[in-house]
Amino acid sequence: MPNPRVRIAPSPTGPLHIGTARTALFNYLFARRHGGTFILRLEDTDVARSTVAFEADILEGLHWLGLEWDEGPDAAGGDDRGPYGPYRQMQRLERYAAAASDLLARDLAYPCYCTPDELEADRRAQEEARQPPRYVGRCANLTPAARAAREAEGRAGALRFRVPPDRIRFEDLVRGEVEIDTANLGGDFVIVRADGTPLYHFTVVVDDAAMDISHVIRGEDHLSNTPKHILLFEALGHAVPQFGHLPLILNPDRTKMSKRKSQTALSDYRAQGFVPEAIVNFLALLGWSTGTEEEILSLDELAARFDLDHVQKGGAVFDRERLEWLNGQWVRRLEPDELIARLELFLEADFDAGRIDRLPSPEELRALLPIVQERLPTLGAIGDLVGFLWVDDLAVDPELIIPKRWDARTTLEGLEAARDTIEEAIGPVTFEADELEPPLRGLAEARGWKAGDLFMAIRVAVTGRTATPPLFDTLVALGRERTLARLDAAIDLLAREGAAG
RNA sequence: GCCCCCAUCGUCUAGAGGCCCAGGACGCCACCCUUUCAAGGUGGAGAUCAGGGGUUCGAAUCCCCUUGGGGGCACCA
């Protein structure tokens, strides 16, 4: 396979979709595996819905995943690079116009003057007759005089491509031989709107031809459209590329993944603290496998193993739990400095939202890493995990302070004793975890308490929660002063509750 | 409605005629570790390979039918 050329051709009519990201990934892996070229092309001919903001979201998302393209737009709304440019369809309009007039001149396409109302009426009639929708061909054989008459009326014609009777067969790279009768294509289809803007089926072929795309790897939703594309390649006198249709990513109910039923914007996953390594790993394994039992694979490792033979044919449900597990795997593999750097954004978000009152320094975070890293399913979970370290006034539910096997009285005693033990026995200078544990265990033993109960009371008093990183490390992170202050506050709270109750 | 595609544990999948009365992973359960929560370790439940016919000495693997699911059929991409 000499230097295959593949592309991802998203439309900036919405944020980067997780399914588009996966298609991009598969194309990228294919190109890297075979020493080919990965191209990004923006299909922005739907002017009404395309925006630069979406364009930016798409480029950023692909960059973030590490799917660097060899040719294509450099920046949202900016220039592009590569010998086949431009790579934005709205900048290639002359080429579509030229191709269209060529097809028109050779009578492979013709102007159609049907109004939306006429087409709608046709569709309704076909529906009532239980016929599949198709263009009836009203304008297929208009005489030059008839065309001139419509033009004179001021009617603008759309351009329709003549679909010849034929059976189109092609060898799909993942599905094998596929054959479709052109009679089932819905009749002659529009390739250029009445306003002169070209339509998807047309632009995609004109561009894939012009850019010498050798392998079209895309979602299965395009399988039925492939004959139209093949017809167009042939009409344009260009070699037909190879096609490979990937299985769809599905909602839990096994319908095509949609915004309505699933989270589909890549940026949302990013905002929640999924790391790109995990997303890439997860997406690659949705519909493809190495054929071995390897599961945790980096982008480079995936590229070294990728092949279309192991692509699954059936759709794959997006399993978020599995993504979270993979994310945890990758978070645990991050180098300390890297983790700290990536956590910053999420801490700032917590700070901006008022969930914490102070931002920890990188040094402070580094000290926390040993107890935090393996407890982060996502980066966004950091505040939930140890945010209590950075709040000024900790809200504690008095009910929660009392361990299950204890009553309020015992809890109050326990906390007071623990407070004194900590203050008297543990010096203000060192205050280290292995210096905290023995005296508190000793205290529990002396009073006949289960150490776990005492520790739980302290834990809740000082963090407000029943689930935290290991207690003594947590106390150290909190510091002697705040530990004592929070114990005092909890003692007061319990005393007041007791007096009130 | 018409056309196309698909079908292995709940989910992602291994499996390309005998190694499979089906392996791994997520999730779930139990136990171990343990101050809670995680992580980790060990074990377990979980698939008559959608159903039915063939082909074959032998089928999850090949063929046909049925059923089920999905996708496509725009002057959207």
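Chain letters run A, B, ... following the sequence lines, proteins first and then strands; every chain starts at 1.
With F388(A) as the aromatic partner, R465(A) does not meet the cation-pi criteria of under 6.0 angstrom to the ring centre and within 45 degrees of the ring axis. Geometrically, R342(A) does not engage F346(A) in a cation-pi contact, judged by NZ or CZ lying under 6.0 Å from the ring centre and within 45° of the ring axis.
In this structure, T410(A) and R405(A) have side chains that are not in contact, with every pair of non-hydrogen atoms separated by 4.5 Å or more. Residues I39(A) and Y87(A) are in side-chain contact: their nearest non-hydrogen atoms beyond the backbone lie under 4.5 Å apart.
No contact: P10(A) has no heavy atom under 4.0 Å from any strand. Residue-level contact check: A316(A) touches the backbone only, with heavy atoms under 4.0 Å from sugar-phosphate atoms and none from bases. Backbone-only engagement by R332(A) is indicated by non-hydrogen atom pairs under 4.0 Å involving sugar-phosphate atoms exclusively. Counting any heavy atom pair closer than 4.0 Å across all strands shown, Q329(A) reaches sugar-phosphate atoms only and no base atom. Counting any heavy atom pair closer than 4.0 Å across all strands shown, P377(A) reaches no nucleic acid atom. I180(A) comes within 4.0 angstrom of the backbone, heavy atoms only, and of no base. Using a 4.0 Å heavy-atom criterion, one finds that N184(A) contacts the sugar-phosphate atoms exclusively. Residue-level contact check: G287(A) touches the backbone only, with heavy atoms under 4.0 Å from sugar-phosphate atoms and none from bases. Using a 4.0 Å heavy-atom criterion, one finds that N225(A) contacts the bases of the nucleic acid, with or without backbone contacts as well. Backbone-only engagement by R175(A) is indicated by non-hydrogen atom pairs under 4.0 Å involving sugar-phosphate atoms exclusively. Contact annotation for T203(A): no contact, since no heavy-atom pair falls under 4.0 Å across all strands. Counting any heavy atom pair closer than 4.0 Å across all strands shown, R160(A) reaches sugar-phosphate atoms only and no base atom. H201(A) comes within contact range of at least one nucleobase, with a heavy-atom separation under 4.0 Å. Residue R130(A) is in sugar-phosphate contact alone, with no base atom involved, counting any heavy-atom pair closer than 4.0 Å across all strands shown.
Pairing for rC26(B) is with rG10(B), a Watson-Crick or G-U wobble pair whose two hydrogen-bonding atom distances lie under 3.5 Å. Look at rC31(B): its Watson-Crick or wobble partner, with both distances under 3.5 angstrom, is rG41(B). As the counterpart of rG1(B), rC73(B) is assigned, both hydrogen-bonding distances of the Watson-Crick or G-U wobble pattern falling under 3.5 Å.
Across the P atoms, rA22(B) and rA60(B) are found 11 Å apart, a figure rounded to whole Å. With both ends at atom P, the span from rA50(B) to rG68(B) equals 16 Å, rounded to whole Å. Nucleotides rC49(B) and rC33(B) have their P atoms positioned 41 Å apart, rounded to a whole Å. For rC21(B) and rG41(B), the C1' atoms lie 30 Å apart once the distance is rounded to whole Å. For rU13(B) and rG58(B), the C1' atoms lie 26 Å apart once the distance is rounded to whole Å. Nucleotides rG23(B) and rG44(B), compared at atom P, are 11 Å apart to the nearest Å. Remark: the separation of the P atoms in rG69(B) and rU8(B) is 15 Å, to the nearest Å. Comparing the P positions of rA14(B) and rA25(B) gives an interatomic distance of 15 Å, to the nearest angstrom.
Between R95(A) and D207(A) there is no salt bridge, since no side-chain N of the basic residue sits under 4.0 Å from a carboxylate O of the acidic one. Salt bridge status for R124(A) with E128(A): absent, with no side-chain N to carboxylate O gap under 4.0 Å. Between R123(A) and E127(A) no salt bridge is recorded (no basic side-chain N to carboxylate O distance below 4.0 Å). Between E295(A) and R322(A), at least one side-chain nitrogen of the basic residue sits less than 4.0 Å from a carboxylate oxygen of the acidic one, meeting the salt-bridge criterion.
Sequence order on RNA chain B of the closest nucleotides to F318(A) and L376(A) puts F318(A) first from the 5' end. Of the two residues near RNA chain B, M456(A) and L223(A), the one whose nearest nucleotide lies more 5' is L223(A).
Between chain A and RNA chain B, the heavy-atom contact criterion of under 4.0 Å yields a 5' to 3' nucleotide range of rG1(B) to rA77(B).
Contacts of residues 252-261 of chain A with RNA chain B (heavy atom under 4.0 Å): R254(A), T255(A), K256(A).
For the residue pair T203(A) and R41(A), no side-chain donor N or O sits within less than 3.5 Å of a side-chain acceptor on the partner.
The distance from atom CZ of R441(A) to atom CG of L454(A), rounded to the nearest 0.5 Å, is 10.0 Å.
Taking both residues in full, the closest heavy atoms of L286(A) and A316(A) are given as CD2-CB, 3.6 Å, listed atom of the first, atom of the second, then distance.
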